[in-house]
Amino acid sequence: MTSARTRERLIGRLREQGVADERVLEIIRTTPRHLFIDEALAHQAYDDTALPIGHGQTISQPWVVARMTELLVARALPERVLEVGTGSGYQTAVLAGVARQIWSVERIRPLQELARRRLSELGLLPRVQLRHADGGLGWPDAAPFDGILAACARADIPDDLLAQLADGGRLVMPVGDGAAQWLTVVDRCGDEFQVQRLDPVRFVPFQRGVLR
Ligand code: SAH
């Protein structure tokens, strides 16, 4: 079901789980998650679960998308955001609701092409730029970014991403391995990076290189 009622039920659940930022809840309410998954799974689009999108990857659970977005905007509303791991493009569409310009990198070509089509149909491409590349290297020619969000987990935060974070900017990504990961927030203050380890999470791995 993709009805208003199932969307409202999801918003209620996110509130119960502690998502409090009304801007983020409104964006989740109005972003059509059913358009970012296979039609056969559309009836589960507003359940609070991750779903397969092919190539061994998943569309993130709505709670994770809401929580990461809330963390990303809590310090200051970012204007320029880098996303690593476009995947289905759903989180990208949510980010386009809070930031002026998004640069999003995906290493699996077919996923990137499908996300491009969906984001184009929603009219978001003027503000969203997509690149098929290894997000561990960031997007040097568009840096610095006031917000960086990665949807794949690694034991360490790539130096290139820290270097491309603007002074006063915030990075949000899962840090850890296959057994244990935490949502981690890094705030840049000049040359200092303040790190907070928050919720336990489970993400697909942050891989190296690209796939055609
Ligand atoms: N937010 C996305 C999450 C997709 S899963 C969504 O909701 O659809 C994470 C994605 O990160 C996968 O598509 C995977 O291919 C991608 N990924 C993993 N390592 C990467 C890297 N080094 N560079 C770019 N993308 C990467």
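We count ligands from 1, going down the list as the structure has it; atoms in each ligand are counted the same way.
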Novice: Check contact between V210 and ligand 1, using heavy atoms of the residue and a distance below 4.0 angstrom.
Specialist: no
Novice: Considering only protein heavy atoms, which is closest to atom 7 (O) of ligand 1, and at what distance to one decimal place?
Specialist: S60 N, 2.9 Å
Novice: Hey, could you give me each pair passing salt bridge (charged side-chain N to carboxylate O under 4.0 Å, His left out) that has a residue in residues 21-32? Not counting sequence neighbours.
Specialist: E8-R29, R15-E22, D21-R23, E26-R29
Novice: Within the distance-only criterion (no hydrogens, no angle test), does the side chain of R127 pair as donor or acceptor with the backbone N or O of A96 below 3.5 angstrom?
Specialist: yes
Novice: May I ask you to list the atoms of ligand 1 that are less than 4.0 angstrom from any heavy atom of L111?
Specialist: 13 (O)
Novice: Does a side chain donor of either Q57 or S88 reach within less than 3.5 Å of an acceptor in the other side chain?
Specialist: no
Novice: Looking at atom 17 (N) of ligand 1, what's its closest protein heavy atom, distance included?
Specialist: C152 SG, 3.8 Å
Novice: Does at least one non-hydrogen atom of P205 fall below 4.0 angstrom from an atom of ligand 1?
Specialist: yes
Novice: Are T69 and Q91 close enough that some pair of their side-chain heavy atoms sits under 4.5 Å apart?
Specialist: yes
Novice: For residues 201-212, which side-chain donor-acceptor pairs fall under 3.5 Å, sequence neighbours excluded?
Specialist:
residue : atom : partner : partner atom : Å
R202    : NH1  : G178    : O            : 3.2
R202    : NH2  : G178    : O            : 3.2

Novice: For D134, is there an ion pair with R107 - N to carboxylate O distance below 4.0 angstrom?
Specialist: no
Novice: Would you mind checking which non-hydrogen protein atom is closest to atom 11 (O) of ligand 1, with the distance to 0.1 Å?
Specialist: G85 CA, 3.2 Å
Novice: Students should be able to answer this: which protein heavy-atom is nearest to atom 15 (O) of ligand 1, and at what distance?
Specialist: E106 OE2, 2.6 Å
Novice: With a 4.0 Å cut-off on heavy atoms, is A133 in contact with ligand 1?
Specialist: yes
Novice: What residue and atom, counting heavy atoms only, is the protein's closest point to atom 22 (N) of ligand 1, and at what distance?
Specialist: Q207 O, 2.6 Å
Novice: Among all protein non-hydrogen atoms, which one is nearest to atom 5 (S) of ligand 1, and what is the separation to 0.1 Å?
Specialist: T58 O, 3.1 Å
Novice: Under the side chain to side chain donor-acceptor pair (under 3.5 Å) rule, what do Q112 and S104 come out as? Steps first, then yes or no, please.
Specialist: CA-CA 9 Å; Q112 198 243 346; S104 184; over 6 Å; no
Novice: Starting from atom 20 (C) of ligand 1, what is the nearest protein heavy atom, named by residue and atom, and what distance separates them?
Specialist: R107 CD, 3.3 Å
Novice: Closest non-hydrogen protein atom to atom 12 (C) of ligand 1, residue and atom name please, with distance?
Specialist: Q57 OE1, 3.2 Å
